[in-house]
Amino acid sequence: MLRAFTTFLLLFINLYAINPTVEELSWPNGISFLNFLENNKMPLSLFYELSSEDKELAAEIIAGTKYQILKDKDQNTIQVLVPVSDELQLHIFRDKKDNFSLEFIPISYQSYDKVVNISIQKSLSEDLFDYTGSASLGIAIRQIFKGEDIDFKKLQKGDRIVVVYNQKIRMGKPFNTPEIYAAMIETRNKRYTMYKFEDKFYDKNGKKNDKFLLVRPLLNARITSPFTTKRFHPILQRYRAHLGVDYGAPRGTPIRSAGDGTVKFVGTKSGYGKVVIIKHAGGYETLYAHVNGFAKGLKTGQSVKQGALIAYVGSSGLSTGPHLHFGLYQSNKPINPESALKTVKSVTNAKEMAKFKGVVSSNDALIKKAIAQGETDKKFEFFPNIIEF
Ligand SMILES: [Zn+2]
């Protein structure tokens, strides 16, 4: 229905207005959602009228995010689409009465299962980009093999990489980090393969060798709101996303750093209130929001150990009661913090193992077939921009 309406709207504009233009822009560094509304002459009430969860989401727009803005011939904004997670986007549009409205809607995209087989010529990331069009595939591959003994700096020309993955395409371009099902790297005559099983990666024996593992920032944490990139709320009848985990705890409960790292930010961030951000090895960052206060003397640039006291639980910013909002990011992409906790290290139970073996054999077959067929010969081509407002 909604899609039909927006398609109709675009059609209407095409037929009756002269030259509406769609621009694709990058979200600038240091711009808040309020600044954005101001700069585009849209009412600030669009932000103020959001629920506290949605204000959190609006605070999550990451610099560099590609968004689309549709303007009429007088350069007045008609529609804006800004992705806020893998699945959800913020849609601002002018209704029939010429008032602006804001809603969160699912992102429309196509998705394709693919297998890429290439021999390294320039570097892992560059070659993967050339053949897949995805800039984040290389980063994701490095993360997956981090626990293995592969020295990515020593990969040589002619070393092989095969990736079985799913790529989303939005408006003719690869969109978001691909979902990797399995990946094989062959270097110095040795093959390393990792398989995805229930959101984690394991070697063929079901073992996990992950060096970056978090501890929960609160002892006795109780989850009050889980991580989700898109969920339809049956009572509110709308979509929402929550790009972190909320833990309920009394005000003043000590918050510990989830891992070793360096303090990147101590201060206030609109919807999140008082916030600490810690940078970890491998492009990871953790965010602790709505805190009541910071550990004495905590400052930017300081290094912290896993488990070190950094702040206290509170309800600063837009928060309905004392809780900790805990976020985990990998190269700026929000991931579920609960998936990186120091818990499961291998597939142990027999029933799970049987399922895992199935995953291994189906992916092995795909990798074998890709190798037999020879290298992926075609480099990725970007399609012209197809607008799907
Ligand atoms: Zn939260």
Side-chain angles (χ1 to χ4, degrees), residues 32-34 47-62 65 82-90 102-104 106 199 214-236 238-259 261 263-280 284-294 310-330 332-341:
S32 71
F33 185 61
L34 270 177
F47 174 76
Y48 291 119
E49 284 165 10
L50 290 176
S51 69
S52 53
E53 292 101 341
D54 288 346
K55 278 184 182 133
E56 264 189 13
L57 269 185
E60 280 282 355
I61 303 165
I62 288 160
T65 298
V82 190
V84 290
S85 78
D86 280 8
E87 305 273 350
L88 267 195
Q89 59 190 340
L90 220 155
L102 185 156
E103 61 183 0
F104 287 91
D199 279 349
L214 300 174
V215 294
R216 282 214 179 97
L218 298 179
L219 295 167
N220 307 319
R222 177 175 57 90
I223 296 174
T224 53
S225 180
F227 178 93
T228 166
T229 54
K230 184 185 83 177
R231 194 176 66 204
F232 189 70
H233 196 295
I235 297 160
L236 299 174
R238 59 185 190 85
Y239 287 95
R240 62 160 306 206
H242 186 228
L243 304 179
V245 175
D246 285 352
Y247 298 113
R251 187 181 303 274
T253 305
I255 301 168
R256 316 180 288 161
S257 173
V263 178
K264 186 188 170 187
F265 182 84
V266 186
T268 307
K269 265 191 192 293
S270 59
Y272 279 137
K274 289 183 189 159
V275 165
V276 179
I277 298 175
I278 296 177
K279 228 176 120 116
H280 308 279
Y284 286 101
E285 281 179 19
T286 47
L287 171 144
Y288 311 78
H290 305 304
V291 309
N292 198 39
F294 307 113
I310 51 168
Y312 300 93
V313 171
S315 61
S316 62
L318 297 147
S319 161
T320 43
H323 75 281
L324 170 68
H325 172 97
F326 176 48
L328 172 66
Y329 300 81
Q330 188 183 317
N332 279 336
K333 182 188 157 71
I335 51 178
N336 185 355
E338 290 282 314
S339 73
L341 292 176

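Please read these numbers as outputs of a predicted model, since none were measured by experiment. First listed ligand is number 1; within each ligand, the first listed atom is number 1.
For the atom pair Thr228 OG1 and Leu88 CG, the distance stands at 7.5 Å (nearest 0.5 Å).
A donor and an acceptor atom, one from each side chain of Glu60 and Tyr272, are located under 3.5 Å apart.
By the 30° and 60° cut-offs, the orientation of the rings of His325 relative to His242 is perpendicular.
Ring centroid separation for the pair Tyr329 and Tyr284 does not come in under the 6.0 Å cut-off.
Counting only protein N, O or S atoms, 3 lie closer than 2.8 Å to the Zn ion (ligand 1).
Looking at Val275, Ile278, Leu328 one by one, the single match for side-chain contact (heavy atoms from CB on, under 4.5 Å) with Leu287 turns out to be Val275.
In this structure, the side chains of Val263 and Phe294 stay at 4.5 Å or more apart for every pair of heavy atoms.
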